[in-house]
Amino acid sequence: MAPTPFGRFLAKILFIDLDYRKEDPLVNSGADSVASVKTYVEREPTAGEWLSRFLLTKAGFQRYIISLFPFWNWIFHYNLTWLLGDIIAGVTVGFVVIPQGMAYALLAKLPPEYGLYTSFVGFLLYWAFATSKDITIGTVAVMSTIVGNIVIKVQDQDPDIPAEQIARALSVIAGAVLLFIGLMRWGWIVEFIPLVAITSFMTGAAISIAAGQVPNLLGIAGINTREATYKVIINTLKALPTAKLDAAMGLTALFLLYAIRIFCGWMTKLQPQRKKFWFFLSTLRMAFVILLYILISWLANRHVKGNAKKAKFKILGKVPRGFQHAGAPVINTHLLSLIAPDIPVTIIVLILEHIAISKSFGRINNYVINPSQELVAVGFTNILGPFLGAYPATGSFSRTAIKSKAGVRTPLAGLFTAAIVLLAIYALTSVFFYIPSSSLAGLIIHAVGDLITPPNVVYQFWETSPLEVVIFFAGVLLTIFTNIENGIYLTICASAALLLYRLANTKGTFLGKVSIYPASADAVYWRDGGVSETYGPKGETTNIAREAYLPVTHQDGSNPQIAIQSPYPGIFVYRFSEGFTYINQAQYLDALTAHIQASARPTILARHDKIGNRPWNDPGPRRGKPINLNDDRPFLRAIVLDFSSVNNVDTTSVQGLVDVRNQLDRYAAPDVVEWHFASISNRWTKRALTAAGFGYLSTVRTRNRAHWNPVYSFAAIGDAAVTSSDPKLRDEEHGGDEIQSAVPGARRRDKGFPEKVSTVLGQNRPFFHIDVTAAVESAIAAAESKLAFVSSVSSGEKVTVQADLKD
């Protein structure tokens with residue numbers, strides 16, 4: 001884009017040279033010799049173009065508003081089949097969430113009814129904002145444990161603050177942050193939490209929660225279950241002799257839960273035709289076990305008449321009917337200052353559990369979630385939930401798995417679950433009075449057991465990335481020996497550090513040329529005298545070889561017996577393996593320079609006539625010894641950089657390229673090294689390179705390339721862009737008819753150029769190429785043109801000298 005007059009005036013005042021590029025018009029272009037060539041000049045992106053992506057338009061605003069309510073995309077297609085599937089799934093989850101919700105509320109140091117409130121609000125609100133049909137928002141074990149830890153920590157500093165106030169305030173603040181992130185469409189930040197951090201966190205938290213519930217399972221009192229997990233385990237083992245009757249209620253409940261699941265799984269294999277029946281029976285095992293132990297507890301404690309302390313074993317006690325704690329949450333600056341240090345871990349856990357679960361089930365059931373919209377849903381739920389008494393809620397793995405397997409069809413199933421929870425809040429609270437606390441502890445242990453990463457998965461991690469397995473176990477061990485929060489921070493920070501280390505220490509690769517002969521195993525029988533469609537008669541090939549470029553060191557695992565050749569003497573092909581930024585540019589460019597100077601000779605060997613003029617880092621031979629003028633290394637001619645793994649560059653990396661170019665130009669002086677770039681996919685990267693003088697021929701260097709005729713990659717355009725008419729290419733879906741062009745009157749030329757062609761990349765950027773092969777071809781053509789030019793000049797000078805001698 002040409003600068004405006006005002007821009008030129010301003011640049012002149014600031015001493016900015018706007019015409020620093022001095023691009024050559026490329027009058028002597030190879031494209032000029034091709035008939036019917038349509039000129040294509042590549043235009044660079046501008047800052048205005050980039051900013052225009054963020055400008056608010058009416059259509060964009062409408063799309064944004066519609067995206068906030070995804071249910072508009074499917075609600076008008078709702079039908080009876082979907083309704084039946086949603087009712088079955090919603091009711092099934094409802095029977096599971098009631099006992100789980102009350103049990104998890106106890107983990108959060110809250111009365112059990114708060115678990116029901118939280119579950120109700122999550123199911124009631126999520127469907128309107130959901131992009132996942134499977135996820136269920138409500139109480140979860142890990143988040144409840146963290147809320148409980150925060151409650152204890154805050155009450156240690158100010159015992160007068162009720163636990164409910166702390167939990168509700170925490171929910172509002174965390175929900176507001178998540179809602180803001182979601183509304184701004186910054187959901188991509190969740191990608192900074194890797195899988196190894198998620199699995200480590202879930203495993204460590206599950207072990208910590210299970211260990212903390214063992215004292216309640218056995219009826220052991222006096223153990224601080226919020227200490228480090230290893231201390232809880234040690235103290236529990238010491239106190240085993242003090243176990244009470246509660247152990248009978250807890251251990252048998254835990255055994256029964258696992259027994260039912262194992263039995264149903266076994267029957268599913270024996271009776272695959274009744275798979276659904278055994279699935280629902282297994283799913284409802286929690287509700288069945290809780291109802292069974294409520295009956296047992298009522299038979300044993302029906303004499304207590306509302307006084308839970310008189311029971312023979314610890315029971316849940318009175319659960320208020322209805323929404324007794326509805327109202328605006330109390331939030332003040334004093335409370336905010338106390339919970340502020342724990343807000344980050346709360347937000348991380350809310351994001352981590354929900355997004356990880358929703359993505360996983362989206363992949364399983366073939367749909368894609370919108371992380372930003374999911375954060376809107378979670379944020380909105382956690383903001384409004386506390387007004388009905390809810391505490392922080394997020395996605396539940398176990399209930400989501402149940403909902404998915406139950407055949408849920410749409411997010412609307414949450415309304416039917418909410419109806420079941422509402423029924424429990426108003427009609428079943430008197431029954432909940434007799435729930436044995438040890439049975440609830442068994443239910444929690446059973447539920448969190450599924451969160452522990454199986455050994456086979458850890459082994460797959462080891463096969464994929466051994467270093468990440470170290471991070472996994474480090475996070476688990478730190479969780480066990482300190483707390484859940486430290487485990488989360490460690491795994492996230494360690495994963496980020498590993499990523500930065502890999503980026504900073506990445507190694508580039510020099511590529512060499514090999515000839516590839518693609519063929520099936522059966523196609524090579526021509527060696528035995530047969531005739532092949534691919535190879536033709538014995539000993540005769542039909543131009544099937546193609547060039548490919550492989551690492552010269554075979555570090556990619558390619559066959560080391562294959563000889564890799566240099567594409568041309570003095571031409572080097574270098575591939576950036578993992579981006580090209582300020583973090584790793586020094587590693588790349590130092591290796592590039594060292595290899596080239598070791599493999600190519602300077603154009604002038606005796607560059608310094610005096611010893612004192614030689615640089616300290618290249619002193620040459622020892623005093624008294626001559627320079628080796630028989631150096632048989634090739635001259636440095638060109639460098640091809642493969643940018644296939646590079647998306648963005650920065651000022652540091654581009655400046656590094658400029659410095660290396662200047663260094664190698666001095667090495668090759670008086671010649672000039674050509675720089676070719678292959679597979680650049682980002683227009684802004686091209687702009688950055690051209691701003692540094694790459695990609696085009698400047699008028700300053702034209703005198704060094706008077707012989708040069710650039711080589712471009714052309715492609716057919718318009719009517720000439722037809723599909724192949726190879727008779728072997730048949731459309732099986734249309735009766736085996738030959739595939740023909742959809743363009744009327746178009747025809748294919750087997751040889752030469754099509755009727756109309758144009759360069760794939762701009763003719764004003766002759767050093768940017770579509771791939772490595774095109775870049776190498778261009779570099780070789782330039783080198784051979786130069787050799788031919790030098791040879792013709794030398795011959796002309798020789799003829800002139802001979803003529804002068806005759807005269």
Side-chain angles (χ1 to χ4, degrees), residues 93-124 138-141 143-144 147-148 151 162-168 171 213 216-217 219 246 249-250 253 286-327 329 385-393 396 399 417-444 447:
V93 173
F95 287 124
V96 175
V97 74
I98 292 171
Q100 275 192 353
M102 292 188 292
Y104 293 159
L106 300 179
L107 289 178
K109 296 301 180 182
L110 298 171
E113 63 268 21
Y114 282 88
L116 298 177
Y117 303 156
T118 305
S119 300
F120 172 76
V121 174
F123 289 114
L124 183 68
T139 58
V140 293
M143 189 70 253
S144 299
V147 171
V151 167
E164 310 88 67
Q165 182 180 343
I166 300 169
R168 293 166 74 179
S171 179
Q213 288 303 304
N216 294 330
L217 183 78
D246 301 67
M249 304 297 290
M286 292 187 183
F288 168 74
V289 169
I290 288 297
L291 289 175
L292 174 63
Y293 280 83
I294 287 176
L295 176 61
I296 295 173
S297 177
W298 177 78
L299 292 174
N301 300 307
R302 60 183 182 272
H303 63 280
V304 299
K305 297 181 180 180
N307 188 353
K309 294 181 180 180
K310 295 181 180 180
K312 296 179 179 179
F313 43 80
K314 188 176 180 181
I315 58 177
L316 194 61
K318 185 178 180 180
V319 178
R321 180 175 180 271
F323 294 93
Q324 299 292 327
H325 306 286
F387 288 86
L388 288 179
Y391 67 92
S396 165
R399 295 194 297 271
T417 305
I420 297 297
V421 176
L422 187 64
L423 177 66
I425 291 174
Y426 279 96
L428 299 178
T429 53
S430 58
V431 176
F432 297 153
F433 176 85
Y434 292 99
I435 296 178
S437 296
S438 58
S439 298
L440 280 181
L443 186 149
I444 293 173

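From I294, atom CD1 reaches atom CG of N301 across 12.5 Å, with rounding to the nearest 0.5 Å. Taking OG from S439 and CE from M286, the interatomic distance works out to 13.0 Å, rounded to the nearest 0.5 Å. Rounding to the nearest 0.5 angstrom, the gap separating the OG atom in S438 from the CG atom in L443 is 11.5 Å.
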- prompt: Where do S396 and V140 land on the side chain to side chain contact (heavy atoms under 4.5 Å, CB included) test, with the steps shown first?
  reply: CA-CA 6 Å; S396 165; V140 293; 3.7 Å; yes
message: Determine whether I420 and V93 satisfy the following criterion, side chain to side chain contact (heavy atoms under 4.5 Å, CB included), listing intermediate values before the conclusion.
response: CA-CA 9 Å; I420 297 297; V93 173; over 6 Å; no
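A heavy-atom distance below 4.5 Å is found between the side chains of F323 and F120. Put simply, the side chain of L440 reaches to within 4.5 Å of the side chain of I290, judged on heavy atoms.
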Show me the donor-acceptor pairs, under 3.5 Å and distance only, between side chains in residues 94-119 and residues at least two apart or in other chains.
{"unit_1": "Q100", "atom_1": "OE1", "unit_2": "R399", "atom_2": "NH1", "d": "2.7"}
{"unit_1": "E113", "atom_1": "OE2", "unit_2": "H325", "atom_2": "NE2", "d": "3.2"}
{"unit_1": "Y114", "atom_1": "OH", "unit_2": "H325", "atom_2": "ND1", "d": "3.3"}
{"unit_1": "Y117", "atom_1": "OH", "unit_2": "G322", "atom_2": "O", "d": "2.9"}
{"unit_1": "Y117", "atom_1": "OH", "unit_2": "Q324", "atom_2": "N", "d": "3.4"}
{"unit_1": "T118", "atom_1": "OG1", "unit_2": "Y114", "atom_2": "O", "d": "2.8"}
{"unit_1": "T118", "atom_1": "OG1", "unit_2": "Y391", "atom_2": "N", "d": "3.0"}
{"unit_1": "S119", "atom_1": "OG", "unit_2": "G115", "atom_2": "O", "d": "2.9"}

Would you list the atom pairs, donor with acceptor, under 3.5 Å between side chains in residues 306-321 and any protein atom, with sequence neighbours excluded?
{"unit_1": "N307", "atom_1": "OD1", "unit_2": "K309", "atom_2": "N", "d": "3.3"}
{"unit_1": "R321", "atom_1": "NE", "unit_2": "Y426", "atom_2": "O", "d": "2.6"}

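For the pair A390 and R168, the tightest heavy-atom approach, listed with the atom from each and the gap, is O-CG, 3.6 Å.
Looking at residues two or more places apart in sequence or on another chain, you find a side chain to side chain contact (heavy atoms under 4.5 Å, CB included) between I296 and M249, L292, Y293.
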